[in-house]
Number of protein chains: 2
Amino acid sequence: MRRAARRRRTRQLEQVFEALKGDHTHPFAHEIYRRVHQRLPRISLATVYRNLHSLVEEGKIRTLLLDGQGARYDPETREYDHFVCERCGRVDDLFLRRARRRIDPISLAKRGYVVTTHNLMVHGMCQGCAARRRLSRPRVRGTQALTRASVWRQQ
Amino acid sequence: MRRAARRRRTRQLEQVFEALKGDHTHPFAHEIYRRVHQRLPRISLATVYRNLHSLVEEGKIRTLLLDGQGARYDPETREYDHFVCERCGRVDDLFLRRARRRIDPISLAKRGYVVTTHNLMVHGMCQGCAARRRLSRPRVRGTQALTRASVWRQQ
DNA sequence: TTGCTTGCAAATTTTTTGCAAAAAC
DNA sequence: GTTTTTGCAAAAAATTTGCAAGCAA
């Protein structure tokens, strides 16, 4: 169950991290594999998974879980939130300064919880989809309400 | 991708909902199957999945996706948050009144986002695990727990 | 050299699907 | 009766594992 901490720096590990660094699209394991595979044609998907896990354990990247598909990976480890477009599936980073302060760790501590981190997921429609929708459906007494999101997937 | 809306009320659907109603432990599909199976021994896991999907679509339950395992199901559909214990895996409902309005839909709307809903996931250690830990590691100049709590950053 | 890490293929886990039969309406 | 839903088994998708060989330290 518990896997031993990584000790050696390998080309594979390095390339997996490189493939993700600076990327804000939150790619899936397979896309990362595709990228690394261009540089290391002999790498296997299993190794990509193993290295992604290592990086998560080291705290160099994090996992993001959303509905439907598999895990997505994120090189941004600062504490921040995400916006998930229910139309196209894109995931944006949100840096909501004000929102952050409104969570009250004290009240949780009073109830006996020890808080290490938290994550906010906002669901809706992204700019692009909202615009596209406005074009195809000219407004008639307000747009039709979106269906309520009933699925949350987070780490 | 899109499945037709359910039209008929069946014993199976009813029992799947009954098995979940009032349950705050956020069980996995398999546990729900186990429960329903006691009342309807011929039900199949596939049917449980299909009915869980129907219920989600009807808005009577919701899905909760967390790291590691599969989906968990939740009969509570009001907007509220979750606490995930990283020790034992339990998931508690959190009704954080103050936190409720923590996101600022206006600032998101300005950026072009259409927000339908949002959800907060708080990670850490639950009461039970924190207590157990306190027992095994007697405090020496402040508990480990407090140290971890201070990891909380509000930036 | 030592033993961690990789590649490969096979295994696991979780969820979905095709289809004929059963159940609703 | 007609159409939806079920049960079964098989398929799919995503991720993990065993193991011999490869490579970093």
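Each chain gets a letter, A, B and so on, in the order its sequence line appears, and its residues count up from 1. Small disclaimer: the values here were computed from a predicted structure and weren't measured.
In this structure, A:L52 and A:V16 have side chains that are in contact, with non-hydrogen atoms separated by less than 4.5 Å. Two residues are said to be in side-chain contact when any heavy atoms from C-beta on lie closer than 4.5 Å; B:T63 and B:Y73 meet this criterion. Within the 4.5 Å cutoff, side-chain heavy atoms of B:F17 are placed close to those of B:K60.
The phosphate of D:dA13 has neither OP1 nor OP2 within less than 4.0 Å of any side-chain N or O from A:H30. Phosphate contact (OP1/OP2 of D:dC23, side-chain N/O of A:R9, threshold under 4.0 Å): absent. The side chain of B:T10 places an N or O atom within less than 4.0 Å of a non-bridging phosphate oxygen (OP1 or OP2) of D:dT6. Dashed line: the shortest gap from a side-chain N or O of B:R50 to OP1 or OP2 of D:dG7 is not under 4.0 Å. Phosphate proximity of D:dT16 to A:Y49: absent, as no side-chain N or O sits under 4.0 Å from OP1 or OP2. Between A:R6 and C:dT6 there is a side-chain N or O to OP1 or OP2 distance below 4.0 Å. One finds a side-chain N or O of B:Q12 lying less than 4.0 angstrom from the OP1 or OP2 phosphate oxygen of D:dG7.
Surrounding CZ of B:R111 are more than 12 heavy atoms belonging to other residues, nucleotides or ligands, all under 6.0 Å away.
Helix-axis bend for the helix from C:dT1-D:dA25 to C:dC25-D:dG1: the local axis fitted to the five terminal pairs at one end deviates from that at the other end by 40°, rounded to 10°.
By the rule that hydrophobic residues join a cluster once side-chain heavy atoms approach within less than 4.5 Å of another member, B:V91 and B:F28 end up as members of separate clusters. Hydrophobic clustering, with ILVMFWY side chains joined whenever heavy atoms are under 4.5 angstrom apart, groups A:V48 together with A:V56.
Less than 4.0 Å separates DNA chain D from at least one heavy atom of each of the following residues of residues 39-46 of chain B: B:R42, B:I43, B:S44, B:A46.
Atom-to-atom, CD of A:E31 to C1' of D:dA14 comes out at 16 Å; the value is rounded to the nearest Å. Here D:dT5 presents its C1' atom at 14 Å from CG of B:L55, a figure rounded to the nearest Å. Atom CD in A:E14 sits roughly 15 Å away from atom P in D:dC23 (whole-Å rounding). With rounding to whole Å, B:L52 atom CG is found 15 Å from D:dT5 atom P. Regarding B:N51, its CG atom lies at a distance of 14 Å from the C1' atom of C:dT16, rounded to whole Å.
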Item to check | Criterion salt bridge (Lys or Arg N to Asp or Glu O under 4.0 Å) on B:R90 and B:D92, from CA distance to verdict | outcome: CA-CA 7 Å; B:R90 69 179 282 171; B:D92 292 348; 2.9 Å; yes
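Of the two residues near DNA chain D, B:R8 and B:L13, the one whose nearest nucleotide lies more 5' is B:R8. Each of B:R72 and B:R11 has a nearest nucleotide on DNA chain C; the 5'-most of these lies closest to B:R72.
Ring geometry, B:F83 versus A:Y113: the interplanar angle falls from 30° to 60°, so the pair is classed tilted.
Residues satisfying the side-chain hydrogen bond (donor to acceptor under 3.5 Å, both in side chains) criterion with A:H24, sequence neighbours excluded, are A:D93.
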